[in-house]
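Below is one structure; the comments refer to it alone.
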Amino acid sequence: MTGMWSAEGRVCMVDVFAEIRELVIAELTAQLGKDPDDFDASAITIERPKTVAHGEVATNAAITAAKGAGRQPRELAVGLAASLQTDPRMASVEVAGPGFLNMRLKPEVWKENLRSVIRAGSSYGGNDRGNGRRVNLEFVSANPTGPLHVGHARGAVFGDALGRLLEFTGHDVTREYYLNDGGAQVDTLARSAHLRYLEALGKEIAFASGDYRGDYLCQVGVALKETYGDRFVGRPEEEWLDRFRKFAVDAMLDSIREDLYLLGIRMDRFFSEVSLYQDGRIDDAIEQLRQRGLIYEGELLPPKGGHEVDWEPRKQTLFRSTAHGDDTDRPIRKADGSWTYFAPDIAYHYDKISRGYDELINVFGADHSGYSKRISAVVSALSDGRTPIDVKLTQLVRVIKDGGAAKMSKRAGEFVQLRDAVSAVGPDVTRFVMLMRRNDAQLDFDFEKVREQSKENPVFYVQYAHARICSAIRKVAQSGIDTDDARLAEASLERLGHPDQIALARRIAEWPRIVDLASRNHEPHRVAFFLNELASEFHSLWSQGNREPELRILQESDLPGTTARTALARSVAVVISCGLSILGVKPMHEMRN
RNA sequence: GGCCCCGUAGCUCAGCAGGAUAGAGCGACCGCCUCCUAAGCGGUAGGUCACAGGUUCGAAUCCUGUCGGGGCCGCCA
């Protein structure tokens, strides 16, 4: 799994750390006289120590295994070190501290890995961990009552990047948007559109409180005028509400699709809430819960603190979500007998489960934090615990403009729209900046800083590294050296001997681990951080070329060395390009003014 | 009152399903362009990882509690 056979019949490593891990486990089980296939190695870590004194690769294998085997950690470590030492890849193995094994590999291991990197190209670092598992990834799901704002953009970018990451690690991802086209807010939208329609016909209008006043509805009003003329002027609501609702929702959906498209995002499916009200699909889902004894008539306790005065006990139809980890049971019917918002959500998740996904992921905005437990409870209940669900919350985006936080009032379109951000700084910068933070940490989106083309702006820093490499390779090619990947992968790498060159090769070898970790934890930001580190290390090596000319990539007097250094640089570019594509950012081949 | 997230350097944040001397950027200070793009690089200064217990050979990381910041909490969606 971690190695593949090349045409020449030798093993090409695609993940050095995974290879070493296998080696360690093999030697360890041999020492302990255990069957490697029947050995729990989950506690064994392979890591890159922070300090060089601790070697290049370290493992806690002896420490963790000693406990269960009734052996002394250090004594076990010494034996393990001796057998590891005989592996041809190993330069040295030392026992340290309570039983750590600090290994150094022969430089050739890191250098040879560069060939695999170049051969693998854009697939380097990917793996098949998902094994085709079908993942439903729901994100954005903003109400179709207006254009997306920067907060939605964060959820959109996060969800899409997570999708790419999962695809890169062998998952079959469905990107889905739950369209709340059925609630009262859509009626309000229709009424607001009606007002804009009247306005387009030259009438005086007055908004009611709660109406959507954003001017994005003006063009909807104009379109309505063009479609219906003055048919619905002064007519009762029953005559126009349904068709205005559909008209406005369609218009908003188009606008949302357009916004997402600006960020390079395409949903596989928009799932309509309204469709759930048809064919008794909500009843079906509730019935499933009922059969599991999770539906009952009862009263909720009042929420404690301040508001008891307004509280009137009321008998309601409740879902016993506490049986699946929620804090309180949840109402599914309002007092008038109609469904609460939660009921179609139950049906929606029942639908997802019925579609046979192996895993569900929901990306919610911070304002839905209180919602995650009940959704998890629903999925747990309806799948009988079989379908795992991960709810990821994206925290607020604070927009900084002119040095201060911009107002983000929900009223009257005062929020900063997604398309404003994208048109100001472009999709690539928007995406990268939003992925430079963990999803659950608040994020500042500073319009000024993000436009700077300096180290302050991480996307340019990474792009600059890539552009530098492309530029260098162009120059190398001009000097008559064949820089095709196929040729670079075959280059003699003898001339790569400087510690910093080896260190860079080592960094490149970490990429598969980063991908795996980011994918497992659903944390695409790790990719962005890694790219930053890689770029930094490359820039550093590049600048050293100023002081030490033998480190420069292109040296006319040393063509074999030039080819080797080009291969190293090319490997960096492969990883940057690959990482950026996970983030959904296009690599730049040259920087323009 | 309950639940969720957060609390790491002056500021903004990383810290890899516990690991060995806690990192980066910005800001501050000192340096580096006869050199493949200085849109860059090197160095110095700066932290009782909010606090207190617990688990462990070992805790910034896991558990409990406290304090502080943000968010959510039926008859909106």
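Below, chain A is the first sequence line, B the second, and so on; all start at residue 1. We use all heavy atoms of the structure for the numbers below, so side chains are in, but hydrogens, waters and symmetry mates are not.
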message = Which nucleotide wins on minimum distance to the side chain of Pro98(A), given the candidates rG74(B), rC4(B), rG19(B)?
response = rG19(B)
request  = Kindly point out which of rG15(B), rG40(B), rA17(B) is positioned nearest to the side chain of Arg526(A)?
outcome  = rG15(B)
key: Selected nucleotide, minimal atom distance to Phe529(A) side chain, candidates rG42(B), rG74(B), rC13(B)   = rC13(B)
inquiry  = Less than 3.5 Å apart, any donor N or O on the side chain of Asn180(A) or Gln185(A) sitting next to an acceptor on the other?
reply    = no
request  = Provide the distance between the two C1' atoms, one in rC26(B) and one in rU34(B), to the nearest whole Å.
outcome  = 32 Å
request  = Give Ala58(A) one of three labels, base, sugar-phosphate or nothing, depending on what nucleic acid heavy atoms sit under 4.0 Å from its own.
outcome  = base
N/O (side chain, Tyr178(A)) to phosphate O (OP1/OP2, rA77(B)) under 4.0 Å = no
request  = State which of rA77(B), rG19(B), rC36(B) makes the closest approach to the side chain of Gln185(A).
outcome  = rA77(B)
ask   = Arg438(A) side chain: which of rC6(B), rG42(B), rC3(B) is closest?
value = rC6(B)
note = Glycosidic torsion of rA60(B) (syn if within 90° of 0, anti otherwise) classifies it as anti
query = Looking at the side chain of Lys475(A), which of rC36(B), rC41(B), rC3(B) is the nearest nucleotide?
reply = rC36(B)
Donor-acceptor side-chain pairing of Tyr296(A) and Asp329(A) below 3.5 angstrom = yes
Partner nucleotide, any strand, of rA50(B) [Watson-Crick/G-U, under 3.5 Å] = rU66(B)
request  = Check the distance between rC76(B)'s C1' and Tyr371(A)'s OH and give it to me in whole angstrom.
outcome  = 11 Å
query = If you check the Trp542(A) side chain, which of rC36(B), rA77(B), rG19(B) turns out closest?
reply = rC36(B)
note = Atom CD1 of Ile332(A) and atom P of rC75(B) are separated, to the nearest Å, by 13 Å
query = Looking at the side chain of Lys373(A), which of rC4(B), rC57(B), rU37(B) is the nearest nucleotide?
reply = rC4(B)
ask   = With distance as the sole test, does Ser321(A) use its side chain to make a donor-acceptor pair with the main-chain N or O of Thr328(A) at under 3.5 Å?
value = yes
inquiry  = When you measure from the side-chain N and O atoms of Arg547(A) to the phosphate of rU34(B), is any distance below 4.0 Å, counting only OP1 and OP2?
reply    = no
ask   = Within the modelled atom types, does a donor on one side and an acceptor on the other bring the side chain of Asn102(A) and the base of rA20(B) under 3.5 Å apart?
value = yes
message = With the criterion set at under 5.5 Å between ring centres and under 30 degrees between planes, would rA20(B) be stacked on Phe100(A)?
response = yes
query = Do you know which of Arg506(A), Arg507(A), Arg104(A) makes salt bridge (Lys or Arg N to Asp or Glu O under 4.0 Å) with Glu56(A)?
reply = Arg506(A)
request  = State whether Arg398(A) places a side-chain N or O below 4.0 Å from either non-bridging phosphate oxygen (OP1 or OP2) of rU12(B).
outcome  = no
key: Watson-Crick or G-U wobble mate for rC26(B), both contacts under 3.5 Å   = rG10(B)
ask   = Checking Tyr348(A) side chain against Ser272(A) main chain: does a donor-acceptor pair fall under 3.5 Å?
value = no
message = Measuring from the side chain of Ile63(A) (C-beta onward, heavy atoms only), which nucleotide among rA17(B), rG19(B), rG40(B) has the closest atom?
response = rG19(B)
task = Identify whether a stacking contact exists between His54(A) and rA20(B), where the ring centres must be under 5.5 Å apart and the planes under 30° apart.
result = yes
inquiry  = In whole Å, I'd like the distance from the CG atom of Asp327(A) to the P atom of rG1(B).
reply    = 16 Å
request  = To the nearest Å, give me how far apart CG (Asp390(A)) and P (rC4(B)) are.
outcome  = 15 Å
